[in-house]
Amino acid sequence: MEHLGFPLETVILLCVIVVVSLLIDLYAHRADKEISFKSAALWSCFWIAISIAFGGYIYYHHGAAMASLYYTGYVLEKVLSVDNLFVMMAIFSWFSVPNRFRHRVLYWGVIGAFVFRGIFVAIGTGLLLFGPYVEMLFALIVAYTAVMMLRGGDDDEEMEDYSGHVAYRFVKRIFPVWPRLHGHDFFITRTHAKEEAKKLNISIEGMAHKTAVVATPLFLCLAVIEVSDVMFAFDSVPAVIAVSREPLIIYSAMIFAILGLRSLYFVLESLRKYLVHLEKAVIVLLFFIAAKLFLGASYHQFGVGIDIDPITSLIIVLVVLSCGVIASFVFPDKGDDNDKDDAASSTTQEVATTTAEVATSKVEASAVEPSVDADKAAASAPAPADNKVDKS
C-alpha cells in the first residue's frame, strides 16, 4: 500500500474542520443548560455526518484503502471510548457536578484529548519503526486491557473515591481550593474568594499557596477526567494503531471520534441501563485487535500468521458492535437493580441539594477540611455530594 504521509491540503482541511467544529459547539452550548436526550442524539448525528464526510474526502483523494483505514479507526476509537465515558459518568457523580455544567467540563477535556492523542500517536507510530516486535508488544497491551475489563466487569457497584487520585492531589498541592461549586467557573480570584469566605465565615483550604486564583471543585473534576483520559489513551492508541501505520489517518480518525464524544456522553447516560451488553462487545473487539496485531507482526517477521486487510477489519468491527447493541435489546438485564440504584442515586442527590440549600452554614463548615474528605462523610447522609462539595 502506498504511504500517505502528510498531504498539505488534507492537513489544512482537518485543522479547519476541527477549529470550526469547536467554535460551533462552543457557541451552541454557551448557556449552562441540561442537554436532553433528543438534543444529544441530534448533535451526535451531526458529528457522525461530518466524520463520514471527511472519510468521503479521503476516499476521493487518497483511495478506498485509506478510507477503509480511516473508517475502521474512527469506529474503533468511538467504541473504545464507551468504557471511558462510563468512567467519566462515575467521576461526575462523585463530584456531584450538575448536568448543566458537564458539557463545559467535557469541552475542555476534549481539547486536552486532542493534544495528548497527537503526542501518543507520534510516539506510537514512531515506535513501529523498530519492527514487528513492537506490534507484538502493543498486542499484549491491548489484550491485557481486554482481560482487565473482563475481570473487572462486575466491580463497578461501589463508587471509587477520587480524593486519592493523582490529579486531585496534584491540583491541591498547587492551588487553594474553594469548598463549593462557583457556577461554571474553574477558578475564582483570590480577592473574591477571601471576600466570600469572610461573608460566609469559612476558611479556604490551602491559602498558604501564593496564587492569584483559587481552584473550584469543577476544576478538580476536570483534572481527574483529563488524567483518566490520558490513561485511557495508553490502551486505545495501540488499538487504533493496529488498524494503520499512517499517523494522519490514525490521528484524524481519533479527532473525529473525540469531537462527538460530548454528545455521545449524554446519549449513553440516557441509554446506559439498556446497553447492558455493549461492554462485552468492546472486550471482544479488543481481543480481535490484539490478535490482528500479533498475527500481522508474526506474518511480517516469520511468515506465519494472517495480515487482515482494512475492509475485513472494518466489517468485523461493525458486526461486533452491532451484535453488542442488538443483544442488549434482545437479552436485556433481567434484574432491575440498576434502575433502583439510579433512582436511589438521583433521589439522594436531590435530597443532598435541598439539604445544602436549607443548611448552608452547616455544609460549608464541614466542606472546608478538605472539600472531599471521606472521614467527615460518616456523619452525613449517604449521598456522594455530602462528602465532596456544596452545590449551592
Side-chain angles (χ1 to χ4, degrees), residues 1 4 6-7 10-11 13-18 20-22 25 40-41 43-85 106 110-111 113-114 116-118 120-122 124-125 138 142 229 232-233 235-265 267-268 278 281-282 284-286 288-289 292-293 308-325:
M1 183 184 297
L4 178 63
F6 297 90
T10 304
V11 173
L13 179 63
L14 175 63
C15 293
V16 170
I17 292 177
V18 169
V20 172
S21 297
L22 289 174
D25 192 54
W43 273 103
S44 292
C45 292
F46 172 75
W47 296 120
I48 291 173
I50 290 180
S51 305
I52 293 175
F54 186 79
Y57 169 86
I58 292 179
Y59 175 85
Y60 181 78
H61 286 273
H62 305 294
M66 290 296 175
S68 297
L69 293 175
Y70 164 80
Y71 283 126
T72 305
Y74 170 77
V75 174
L76 187 60
E77 175 70 15
K78 202 81 165 177
V79 173
L80 295 179
S81 298
V82 169
D83 194 59
N84 194 38
L85 291 177
L106 292 171
V110 161
I111 293 178
F114 286 169
F116 289 112
R117 286 301 191 284
F120 277 102
V121 168
T125 53
F138 284 176
V142 175
D229 182 72
F232 166 75
D235 303 327
S236 67
V237 171
V240 180
I241 286 178
V243 174
S244 171
R245 295 191 177 196
E246 297 288 345
L248 182 60
I249 292 294
I250 298 170
Y251 189 62
S252 60
M254 287 186 163
I255 286 295
F256 282 101
I258 292 171
L259 274 175
L261 284 189
R262 297 179 303 284
S263 300
L264 182 62
Y265 169 87
V267 171
L268 286 177
L278 187 58
V282 174
V284 172
L285 283 176
L286 285 173
F288 162 70
I289 292 301
K292 171 180 165 55
L293 267 172
I308 303 176
D309 63 89
I311 300 295
T312 304
S313 297
L314 177 59
I315 293 173
I316 292 175
V317 169
L318 291 176
V319 169
V320 172
L321 175 60
S322 300
C323 288
V325 174

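Taking all atoms of both residues into account, the shortest heavy-atom contact from Y70 to S51 is OH-O, 2.8 Å. Closest heavy-atom contact between G73 and V240: CA-CG1, 4.1 Å. Between V121 and P247 the shortest heavy-atom distance is CG1-O, 3.9 Å.
Under the salt bridge (Lys or Arg N to Asp or Glu O under 4.0 Å) criterion, R262 pairs with D25, sequence neighbours left out. Y71 pairs by the side-chain contact (heavy atoms from CB on, under 4.5 Å) definition with I52, A67, L314, not counting sequence neighbours. Evaluation of the side-chain contact (heavy atoms from CB on, under 4.5 Å) rule for T312 yields I308, D309, I316 as partners, not counting sequence neighbours. Under the ring pair (Phe, Tyr, Trp, His ring centres under 6.0 Å) criterion, F46 pairs with W43, sequence neighbours left out. Among residues two or more places apart in sequence or in another chain, the ring pair (Phe, Tyr, Trp, His ring centres under 6.0 Å) test is passed with Y74 by none. For F288, there are no ring pair (Phe, Tyr, Trp, His ring centres under 6.0 Å) partners at least two apart in sequence or on another chain. Remark: F256 pairs with F54 by the ring pair (Phe, Tyr, Trp, His ring centres under 6.0 Å) rule, at least two apart or across chains. With sequence neighbours excluded, the residues that form a side-chain contact (heavy atoms from CB on, under 4.5 Å) with S44 are S263, V267.
Annotation: salt bridge (Lys or Arg N to Asp or Glu O under 4.0 Å) contacts involving residues 58-78, sequence neighbours excluded, comprise E77-R117. Each salt bridge (Lys or Arg N to Asp or Glu O under 4.0 Å) pair with one or both residues in residues 51-61, not counting sequence neighbours, would appear here, but there are none. Every pair tested for salt bridge (Lys or Arg N to Asp or Glu O under 4.0 Å) that includes a residue from residues 313-325 fails, sequence neighbours excluded, so the list is empty.
The line from CG of L321 to CG of L76 is 10.0 Å long, rounded to the nearest 0.5 Å. Atom CG of residue L318 and atom CG of residue L285 lie 9.5 Å apart, to the nearest 0.5 angstrom. Distance check, rounded to the nearest 0.5 Å: CG of D229 to CG of L85 gives 9.5 Å. The distance from the CG atom of L69 to the CD1 atom of I58 is 9.5 Å, given to the nearest 0.5 Å. Atom OG1 of T125 and atom CG of L248 lie 11.0 Å apart (nearest 0.5 Å). In this structure, the separation between OG on S81 and CG on L264 is 7.5 Å, given to the nearest 0.5 Å.
A donor-acceptor pair under 3.5 Å is absent between the side-chain atoms of Y57 and the main chain of H62, judged by distance alone. The closest donor-acceptor contact from the side chain of Y251 to the backbone of A122 lies at 3.5 Å or more, if one exists at all.
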* **Check against side-chain contact (heavy atoms from CB on, under 4.5 Å), L286 and L80** => CA-CA 8 Å; L286 285 173; L80 295 179; 3.5 Å; yes
* Step-by-step side-chain contact (heavy atoms from CB on, under 4.5 Å) determination, V282 to V320 -> CA-CA 8 Å; V282 174; V320 172; over 6 Å; no
